[in-house]
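Notes to accompany the following structure.
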Amino acid sequence: MQTFSGLVSVLIVFVWLGGNQVSPLRPICDLRVLEHFIREAQDSEVIMRGCRGGCGAMKSYFVPLTSVDFAFWEHIDVHEQAVEVQTGLSLLVQALSTAMKAVSNSRLASALDNNISNIHSLSQILHSLDLQQARSTVLPDDSAPASTQSQEVSSLPELLQVQSSFLRGKVRLLLSAAPACQRQNS
């Protein structure tokens, strides 16, 4: 069901961007798609701040690191960047799924479900750009040990902030440097 809703999300964004694109790759490389997902992640933060009841218990979540060492990032291969981003997206899906189970507020649960769907859509976009040599790493559960590419946060508001930062940071960097998108821009 989530895969279907992820595909629907991607199609809705493509329709939202308009059908008069120059190239079939343009909607995928167009950062407005990512901006749409970032706005929806930020909307979840707003919903969380306004949430009074059923907003989930304090819990620890493993999430990706959002800080970028630009000197290091620019020197690693785009495939390594893609693996780091996909691993981060997997961590976010896992954390958001865990959080969604603890939330009884229907508006917040719907926003979290939408964020999960958007992250699945981003994963499909990355896969379609053929940036990765291997499929993303999926961790078995929320208690998996933290790697050097992850951190632990102790609340849903922190999780949502990390999601927005990760999308604005590493995901944006990866998509703007994707070889398919570079060919299109030249």
Side-chain angles (χ1 to χ4, degrees), residues 1-48 61-66 78-79 81-101 103 107-139 149-150 156 159-182 184-185:
M1 181 68 175
Q2 279 186 337
T3 302
F4 177 72
S5 64
L7 290 172
V8 170
S9 293
V10 170
L11 291 174
I12 288 171
V13 171
F14 289 159
V15 169
W16 173 71
L17 289 174
N20 58 355
Q21 303 299 328
V22 176
S23 163
L25 284 178
R26 183 168 164 82
I28 292 172
C29 295
D30 191 335
L31 292 179
R32 291 180 293 178
V33 173
L34 180 59
E35 287 300 322
H36 176 76
F37 292 154
I38 291 169
R39 274 192 305 279
E40 289 191 350
Q42 291 169 331
D43 289 348
S44 297
E45 291 181 61
V46 171
I47 293 169
M48 181 68 215
Y61 305 98
F62 285 107
V63 294
L65 292 176
T66 58
V78 71
H79 297 290
Q81 293 172 354
V83 168
E84 183 172 335
V85 168
Q86 281 288 25
T87 301
L89 293 175
S90 293
L91 282 169
L92 286 171
V93 164
Q94 183 177 41
L96 289 166
S97 296
T98 300
M100 197 169 83
K101 293 174 189 168
V103 170
R107 187 167 174 226
L108 183 56
S110 177
L112 294 176
D113 187 48
N114 189 51
N115 288 343
I116 292 167
S117 178
N118 289 346
I119 291 171
H120 283 297
S121 297
L122 280 171
S123 292
Q124 291 171 330
I125 288 170
L126 293 177
H127 181 70
S128 71
L129 290 173
D130 199 27
L131 293 175
Q132 18 187 113
Q133 295 170 337
R135 282 253 184 220
S136 65
T137 305
V138 178
L139 300 174
Q149 299 303 317
S150 68
L156 184 53
L159 165 58
L160 295 172
Q161 289 171 350
V162 166
Q163 176 191 359
S164 294
S165 295
F166 191 75
L167 296 178
R168 285 190 322 266
K170 291 182 180 180
V171 175
R172 180 190 307 273
L173 284 172
L174 179 62
L175 286 175
S176 56
C181 297
Q182 296 302 310
Q184 177 187 339
N185 294 332

Query raised in the report: Should Met48 and Gln161 count as side-chain neighbours, where that means a heavy-atom distance under 4.5 Å?
Result: no
Query raised in the report: Is there a side-chain contact between Val33 and His36 (heavy atoms, below 4.5 Å)?
Result: no
Query raised in the report: How many angstroms lie between atom OG of Ser165 and atom CG of Leu65, to the nearest 0.5 angstrom?
Result: 11.5 Å
Query raised in the report: What are the two closest heavy atoms between Ser121 and Phe37, and how far apart are they?
Result: CB-CZ, 3.9 Å
**Report entry** Side chain Ser128, main chain Ile125, donor-acceptor under 3.5 Å
**Finding:** yes
Requested in this report: Apply side chain to side chain contact (heavy atoms under 4.5 Å, CB included) to the pair Leu175 and Leu126, showing each step before the final yes or no.
Outcome: CA-CA 8 Å; Leu175 286 175; Leu126 293 177; 3.6 Å; yes
Query raised in the report: Say you draw a straight line from OG of Ser97 to NZ of Lys101; how long is it, rounded to the nearest 0.5 Å?
Result: 6.5 Å
Query raised in the report: Taking side chain as C-beta onward, heavy atoms only, is Leu89 less than 4.5 Å from Phe166?
Result: yes
Report task. Output the distance between atom NE2 (His79) and atom CD (Gln86), rounded to the nearest 0.5 Å. Result -> 13.5 Å
Query raised in the report: Does Gln149 reach the side chain of Leu91, with side-chain heavy atoms less than 4.5 Å apart?
Result: no
Report task. Considering non-hydrogen atoms only, spot the tightest contact between Val85 and Lys170 and give its length. Result -> CG2-O, 3.8 Å
Query - Side-chain heavy-atom pair Leu156, Leu108 within 4.5 angstrom cut-off - result: yes
Requested in this report: For Glu40, enumerate each residue passing the salt bridge (Lys or Arg N to Asp or Glu O under 4.0 Å) test, keeping only those at least two apart in sequence or located in another chain.
Outcome: none
**Report entry** Residues Gln81, Leu173; criterion side chain to side chain contact (heavy atoms under 4.5 Å, CB included); working and verdict
**Finding:** CA-CA 9 Å; Gln81 293 172 354; Leu173 284 172; over 6 Å; no
**Report entry** Test side-chain contact (heavy atoms from CB on, under 4.5 Å) applied to Leu159 and Asn115, Leu96, Thr98, Leu112, the passing residue
**Finding:** Leu96
Query - CD1-CD distance between Ile47 and Gln42, expressed to the nearest 0.5 angstrom - result: 12.5 Å
Report summary line: Of all heavy-atom pairs linking Leu160 and Ser44, the shortest is CD1-O, 3.7 Å
Report summary line: In short, Ala82 meets Leu174 closest at the heavy-atom pair CA-CD2, 3.6 Å
Requested in this report: Would you give the length of the straight line joining atom CZ of Arg32 to atom CD1 of Ile38, rounded to the nearest 0.5 angstrom?
Outcome: 14.0 Å
Query raised in the report: So which heavy atom on Leu167 is nearest to which on Val171, and how close?
Result: O-CB, 3.6 Å
Query - Check: Glu45/Ser164 side-chain N/O donor and acceptor closer than 3.5 Å - result: yes
Query raised in the report: Looking at side-chain heavy atoms only, is the closest gap between Asn114 and Asp43 below 4.5 Å?
Result: no
Query raised in the report: Just wondering, are more than 12 heavy atoms of other shown residues or ligands nearer than 6.0 Å to CZ in Arg107?
Result: no
Query raised in the report: Would a 4.5 Å heavy-atom cut-off, applied to side chains only, mark Pro64 and Thr87 as touching?
Result: no
Requested in this report: Provide the closest heavy-atom pair for Ala95 versus Val63 in the form atom of the first, atom of the second, distance.
Outcome: CB-CG1, 4.3 Å
Query - Side-chain heavy-atom pair Gln163, Ile119 within 4.5 angstrom cut-off - result: yes
